[in-house]
Amino acid sequence: MAVSSGTQAPTAGLAAMARDLAEGRTSSRELTERALERIAAAQPRLNAFRIVRAEAAPAEADAADRRLAAGERLPLLGVPVAVKDDMDVAGEPTAFGCAGDFPPKAADGEAVRRLRAAGAVIVGKTHTPELGQWPFTEGHAFGATRNPWNPDHTPGGSSGGSAAAVAAGLVPAALGSDGAGSVRIPAAWTHLVGVKPQRGRISTWPEPESFHGLTVNGVLARTVADAALLLDAAGGPHPGDRHRPAPIPAVEAARRTPRRLRIALSFGMAFTATPKSLDPEIRSAVERLAGRLESLGHEVVPEDPRYGQIGLTFVPRATGGVRDWASRVPDTGLLDPRTHGAMRTGRILGGLPLRVSRRAESYLRWRIGEVFGRFDVVLTPTTAAAPLRIGALAGLGAMATDRAMIAACPYAWTWNVLGWPGVNVPAGFTSSALPIGAQLLGPESSEPLLLSLAAQLEAEEQWERRWPGDAVRGGALVTG
């Protein structure tokens with residue numbers, strides 16, 4: 001089966017919706033009801049949402065319309081958006097991809113609170129694999145979330161539900177989270193802009209930090225301008241956050257043309273002691289994008305960051321995070337056997353190895369950050385493989401899953417160890433019309449530079465004009 005490709009946009013973008021609302025051309029109730037209708041129509045096939053706020057969201061939209069009528073203006077007042085189901089929304093459970101009966105949360109998490117403060121209407125919470133562990137969005141708790149470009153394939157993970165919802169035009173933008181590429185990978189596999197910001201840029205509260213600093217909250221959108229708007233709206237610290245970077249003006253940065261940059265083109269992969277190779281079609285797509293950057297006046301030079309043994313510091317933090325989060329699950333007997341394996345590893349590595357891995361971060365930043373003494377940005381593939389087929393990793397054991405996961409996605413996770421920003425940009429399509437992406441990576445707090453470069457690329461590539469097709473809007477996917 002394949003989704004047909006189309007060019008007509010099924011829904012306006014985030015910034016366009018905000019403008020239409022502010023200028024009285026539409027109402028929040030109308031936009032929210034249309035979003036809920038699209039979600040209901042697509043849910044049987046795409047399965048992007050864990051929770052749909054079919055009653056609460058229209059009530060919130062009515063309240064937004066009253067505020068608009070009274071002359072109030074906020075960046076997202078009345079705009080419908082979605083958030084990933086690892087984020088707390090007051091009155092809704094946070095299951096994080098797990099099966100079981102989770103109690104409703106008493107309060108919004110800080111990122112959701114800030115979205116509401118900017119005026120957004122939260123229409124629902126999107127699917128994620130169990131505890132965000134895998135680059136596919138499948139699980140016995142909810143089934144499989146499918147890629148709008150081809151429903152036989154995954155949209156990626158772990159923010160796969162958010163990516164599918166935005167790519168299909170169900171919502172104009174959504175929040176996700178990224179602990180090893182979990183925003184950038186699904187963005188690459190669904191033809192979206194995905195921003196993994198600097199650690200702490202978008203609060204993870206009620207967690208002071210998430211997964212021992214690996215996981216950050218990020219944004220998915222069709223355009224750089226929309227991604228920047230959502231980043232500005234959701235960004236900002238909670239007093240209890242462990243990481244509190246200085247504010248950045250994302251929207252302003254996305255409007256600027258970057259200076260001439262020196263860009264390192266890297267296809268090297270960090271050592272993992274597992275087999276992996278880059279799909280030639282993805283390499284060609286990233287090389288084409290590098291040529292586009294050169295045509296824009298930038299200097300592109302082959303160069304790999306010095307990753308060293310960075311993988312040794314990732315595993316204690318990742319498995320420790322799984323162990324920590326699993327302790328809150330009401331019935332751990334319902335968890336995937338692979339999750340139990342990660343929990344056991346987390347217990348074993350939770351003492352000295354975890355402490356050493358955190359202490360090693362400053363050295364790794366120095367070692368890998370050396371590349372930014374000679375270059376402004378690093379350009380890499382986002383993934384080594386095209387979107388996997390649904391069920392490709394189902395039934396595998398923990399070690400086999402890890403090997404397959406690393407083989408498909410060896411490029412993104414290193415920047416989670418460092419806590420630095422990265423932006424996925426669409427890089428084109430495979431010969432079988434599956435989306436692929438490239439990463440723009442920078443040093444600490446370099447989001448303004450990355451966003452301005454991504455926006456310059458977007459103006460040339462015009463990736464936002466290509467959609468999966470008309471079928472996702474009506475609920476019946478066009479297949480052939």
Side-chain angles (χ1 to χ4, degrees), residues 3-6 8-18 20-21 26 28-58 60-61 76 78-85 87 89 92 115 120-128 137 142-151 153-157 159-176 183 186-187 189-194 219-223 226-227 229-230 435 464 466-478:
V3 178
S4 67
S5 179
Q8 183 182 0
T11 186
L14 193 71
M17 283 188 183
D20 286 348
L21 284 162
T26 188
S28 180
R29 179 76 182 214
E30 181 179 9
L31 292 179
T32 300
E33 286 185 342
R34 286 180 180 174
L36 292 170
E37 289 168 1
R38 289 192 296 268
I39 292 167
Q43 189 68 2
R45 290 302 309 274
L46 292 185
N47 190 25
F49 282 82
R50 179 75 181 247
I51 294 169
V52 180
R53 304 181 74 236
E55 295 182 5
E60 293 174 10
L76 298 179
V79 180
V81 299
V83 301
K84 184 177 177 180
D85 193 31
M87 300 179 190
V89 174
E92 310 290 355
L115 280 186
V121 174
I122 312 299
V123 296
K125 302 185 72 180
T126 58
H127 280 309
T128 170
T137 301
F142 60 89
T145 298
R146 296 177 179 271
N147 194 319
W149 293 91
N150 187 322
H153 292 259
T154 181
S159 303
S162 287
V166 177
L170 309 183
V171 290
L175 289 185
V183 162
W189 285 353
T190 59
H191 195 66
L192 297 177
V193 176
V219 302
L220 293 128
R222 294 193 55 80
T223 68
D226 282 355
L229 179 57
L230 192 60
E464 77 282 3
R466 190 161 182 181
W467 289 79
D470 295 341
V472 294
R473 313 206 277 286
L477 294 172
V478 173

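If you read the sequence from its start, that first residue is 1, and numbering goes on from there.
The shortest non-hydrogen separation linking Ala12 to Pro172 is O-CB, 3.7 Å. The minimum heavy-atom distance between Pro44 and Ala41, with the atom names listed, is CD-O, 3.4 Å. Between Ala221 and Ala227, the closest heavy-atom pair is CB-N, 3.6 Å. Of all the heavy atoms in Gly78 and Thr32, the pair that sits closest is O-OG1, 4.4 Å. Scanning both residues, Leu46 and Ala168, for their nearest heavy atoms gives CD1-CB, 3.5 Å. Of all the heavy atoms in Val81 and Ala120, the pair that sits closest is CG2-CB, 3.9 Å.
The shortest distance between side-chain heavy atoms of Leu192 and Arg222 falls below 4.5 Å. Side-chain contact check for Leu21 versus Thr26: some heavy-atom pair is nearer than 4.5 Å. Counting only heavy atoms from C-beta outward, the side chains of Ile122 and Leu115 approach each other to under 4.5 Å. At a threshold of 4.5 Å between non-hydrogen side-chain atoms, the residues Pro58 and Arg29 count as touching. Contact of the Thr126 side chain with the Ser159 side chain is not registered, since no non-hydrogen atoms from C-beta on lie closer than 4.5 Å. Taking 4.5 Å as the limit, some side-chain heavy atom of Val171 sits within range of a side-chain heavy atom of Val166. No side-chain heavy atom of His191 sits less than 4.5 Å from a side-chain heavy atom of Pro148.
Ile51 contributes atom CD1, which lies 5.0 Å from atom NZ of Lys125 (distance to the nearest 0.5 angstrom). If you take CZ on Phe142 and OG1 on Thr128, they are separated by 7.0 Å, rounding to the nearest 0.5 Å. Taken to the nearest 0.5 Å, the CG atom of Asp85 stands 11.0 Å off from the CZ atom of Phe49. Summarising the geometry, atom CG belonging to Leu170 is positioned 10.5 Å from atom CG belonging to Leu36; distances are rounded to the nearest 0.5 Å.
A donor-acceptor pair is defined here as one N or O able to donate and one able to accept, closer than 3.5 Å; such a pair exists between the side chain of Asp226 and the backbone of Leu14. For the pair Lys84 (side chain) and Gly161 (backbone), a donor-acceptor distance under 3.5 Å is absent. Thr137 places a side-chain N or O within donor-acceptor distance of the main-chain N or O of Gly156, the cut-off being under 3.5 Å.
Tested against Leu230 for a side chain to side chain contact (heavy atoms under 4.5 Å, CB included), the candidates Leu220, Val79, Leu175 yield a single pass: Leu175.
When the side chain to side chain donor-acceptor pair (under 3.5 Å) test is applied to Asn47, the partners found at least two apart in sequence or on another chain are Gln43, His127. Taking the salt bridge (Lys or Arg N to Asp or Glu O under 4.0 Å) definition, one finds that Glu60 meets it with Arg53, Arg116, sequence neighbours left out.
Both tests do not hold together for Arg466 against Trp149: distance to the six-membered ring centre under 6.0 Å, angle to the ring axis within 45°.
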